[in-house]
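Read through the structure below, which is laid out as structure tokens, and then see the notes.
It should be emphasised that the depicted structure is a prediction, and the values quoted were computed from it without experimental measurement. A, B, ... follow the sequence lines: proteins, then strands. Residue 1 opens every chain.
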Number of protein chains: 2
Amino acid sequence: MDEEKRTVRAVERALDVLLCFTGKSEWGLSEIAGKVGLHKSTVHRLLATLENRGFVIRDEGTEKYRLGFRILELSSNQSRPDDPSIVLLPEMERLRNELGETVSLYVRDRTERVRIQAVQSEQPIRRVAPVGARLPLSVGASSKVLLAFADPAVRAEAMADPAWPQALDKAAYTRQLEDIVARGYATSFEEREPGAAAVAAPIVNRSGKQVAALAVSGPSNRMAPEVMHRQAPAIVEAAKRMGALLG
Amino acid sequence: MDEEKRTVRAVERALDVLLCFTGKSEWGLSEIAGKVGLHKSTVHRLLATLENRGFVIRDEGTEKYRLGFRILELSSNQSRPDDPSIVLLPEMERLRNELGETVSLYVRDRTERVRIQAVQSEQPIRRVAPVGARLPLSVGASSKVLLAFADPAVRAEAMADPAWPQALDKAAYTRQLEDIVARGYATSFEEREPGAAAVAAPIVNRSGKQVAALAVSGPSNRMAPEVMHRQAPAIVEAAKRMGALLG
DNA sequence: TCCCTCGTTTCATTGTATGAAACCTCGTTA
DNA sequence: TAACGAGGTTTCATACAATGAAACGAGGGA
């Protein structure tokens with residue numbers, strides 16, 4: 001375990017403090033210290049530094065810490081003209097209108113996946129998909145697509161990750177991925193989320209590299225397996241068109 | 001100048017590196033080193049740390065650095081149920097529909113202001129207002145509202161800031177702020193942005209504290225001074241209703 | 001081929017991040 | 001009212017972790 005020594009401890013700790021704010025938006029100092037396992041005084045100094053640069057602010061009133069506007073600033077300037085999450089939006093809306101279900105766009109980030117864009121269904125009962133969500137790369141139709149069409153090295157890295165569910169039979173899983181490559185899309189039925197089902201297809205850019213997964217998801221009672229297979233061609237086609245838009 | 005010594009240098013530097021990514025999304029290592037004035041090897045270590053935690057990634061192909069998805073994740077989970085930028089959205093849309101111009105929501109962040117929400121006009125010629133933009137707290141209708149209805153201490157801090165434009169006559173500016181308090185709203189005509197004009201009103205929560213500024217802005221040829229004064233009552237009223245929604 | 005630029009790695013040195021402890025400042029309880 | 005406890009803040013000696021000079025490697029123009 002002589003791993004990466006070329007990293008700055010104080011910065012790592014500060015980023016860990018920042019990461020506390022995913023999921024819970026208001027933290028007290030001692031609370032954070034407990035969570036990240038550091039001394040109060042250390043966390044105090046880190047928070048002062050983060051506050052200094054506008055990455056966190058203190059709620060006047062509760063006196064607790066929350067994220068500052070620097071985060072918003074960074075995330076909004078992140079999008080470039082060729083940002084997939086912008087370029088692909090019209091096609092995603094088209095697909096949502098055609099199928100009436102929520103459409104999501106996922107990219108792989110190391111051994112997880114992140115929903116970088118979503119267009120919500122307008123039905124009264126619908127799948128709600130918040131942008132920015134970080135999900136496991138093992139279960140769910142999108143996960144399987146992201147792995148099936150990835151380099152073998154990526155696949156191996158994901159399956160070797162400590163977060164990989166040991167319960168999954170790797171041989172059977174790999175076979176499933178082969179099927180998905182052959183078929184061109186993946187489905188999942190109450191696999192990650194009870195009551196939800198999804199169909200996903202790969203988005204491959206003009207250079208032939210997979211850059212994202214396109215998923216349509218909804219309540220499982222509207223998306224029985226045969227329904228999903230009927231929807232699949234439209235999704236695969238949409239994904240193809242999207243890929244053609246990307247460098 | 002014995003200022004704050006209670007902050008962590010390495011973390012400050014890392015955050016400065018992160019802040020490079022506002023405005024320009026792709027950076028090489030040496031480029032960043034030049035910008036922040038640090039040694040290549042130091043920046044290299046900082047970037048490795050940021051990359052480790054997913055705050056930056058390296059574009060495969062260009063090999064340059066850009067923001068990672070952790071930023072998206074943080075910014076999306078930032079919104080709480082009582083987040084003004086969500087709660088006030090319906091009322092902002094109503095106002096946009098009533099006046100047909102772009103509606104923005106600003107909060108003060110130290111000696112600047114940040115656009116935390118916007119609803120775009122649907123006219124062919126329109127003011128485009130990106131969320132997350134950080135603007136000076138001196139010029140523009142929203143700036144004047146944010147200062148006019150703030151504590152005197154806040155006002156003083158902003159005007160003492162090195163970024164404050166020395167060209168502005170402070171006495172005249174202060175008098176203008178008094179007028180704005182008396183009238184209840186502010187206007188600006190090609191003040192910050194050539195060709196743009198705006199009306200802004202304060203959003204004051206139920207405790208009587210100003211929490212944001214509501215602004216309507218558009219091309220200056222559609223928003224002559226007399227037009228703005230005609231629009232003002234609707235904007236002031238909308239801002240009042242919004243304030244009533246906030247703790 | 002030779003530069004020149006850019007990124008990576010090493011390493012001695014020092015300065016700086018660290019955490020224990022003491023110190024505040026509230027709000028709560030006896 | 002006083003005593004308490006649970007936050008948060010500040011101080012300080014010490015060790016060790018961040019630093020930047022320098023050397024190295026890798027492309028890619030010229």
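Between the CG atom of B/L47 and the P atom of D/dA18 there is a distance of 15 Å, given to the nearest Å. Residue B/E63 contributes atom CD, which lies 19 Å from atom P of D/dG25 at whole-angstrom precision. Regarding B/L38, its CG atom lies at a distance of 17 Å from the P atom of C/dC6, rounded to whole Å. Taking atom CD on A/E12 and atom C1' on C/dA17, their separation rounds to 14 Å, with Å as the unit. Rounded to whole angstrom, the span from the CZ atom of A/R13 across to the P atom of C/dA17 amounts to 12 Å. Rounded to whole Å, atom P of D/dC24 lies 20 Å from atom CG of B/L29. Following rounding to the nearest Å, A/E51 (CD) and D/dT9 (P) show an atom-to-atom distance of 9 Å. If you take CG of B/L46 and P of C/dA17, they are 12 Å apart, rounded to a whole angstrom.
Between A/K64 and A/D59 there is no salt bridge, since no side-chain nitrogen of the basic residue lies less than 4.0 Å from a carboxylate oxygen of the acidic one.
You'll find that the side chain of A/R58 is closest to D/dT9, out of C/dG7, D/dT9, D/dG20.
Remark on DNA chain D: of its neighbouring residues A/V11 and A/E31, the 5'-side contact belongs to A/E31, judged by nearest-heavy-atom nucleotide.
The salt bridge (Lys or Arg N to Asp or Glu O under 4.0 Å) contacts involving residues 132-141 of chain B comprise A/E73-B/R134, B/D109-B/R134, B/E112-B/R134, where partners must be two or more places apart or lie in separate chains. Judged as a ring pair (Phe, Tyr, Trp, His ring centres under 6.0 Å), not a single pair has a partner in residues 136-159 of chain A (not counting sequence neighbours). Among residue pairs with one or both ends in residues 151-164 of chain B, those qualifying as side chain to side chain donor-acceptor pair (under 3.5 Å) are B/T111-B/D161, B/R155-B/E178; sequence neighbours excluded.
Applying the salt bridge (Lys or Arg N to Asp or Glu O under 4.0 Å) rule to B/K40 yields no partners; only residues at least two apart in sequence or on another chain are considered. For A/E63, the salt bridge (Lys or Arg N to Asp or Glu O under 4.0 Å) criterion is met by no residue, not counting sequence neighbours.
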Can you pull every protein N or O that's under 3.5 Å from an N or O on nucleotides 9-16 of chain C?
unit_1	atom_1	unit_2	atom_2	d
C/dT16	OP1	B/R9	NH1	3.0

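In this structure, A/S30 reaches the D/dG8 phosphate: one of its side-chain N or O atoms is under 4.0 Å from OP1 or OP2.
Remark: side-chain polar atoms of A/R206 are paired, donor with acceptor, to backbone N or O of A/A244 under 3.5 angstrom.
Heavy atoms of B/T42 sit under 4.0 angstrom from at least one base atom.
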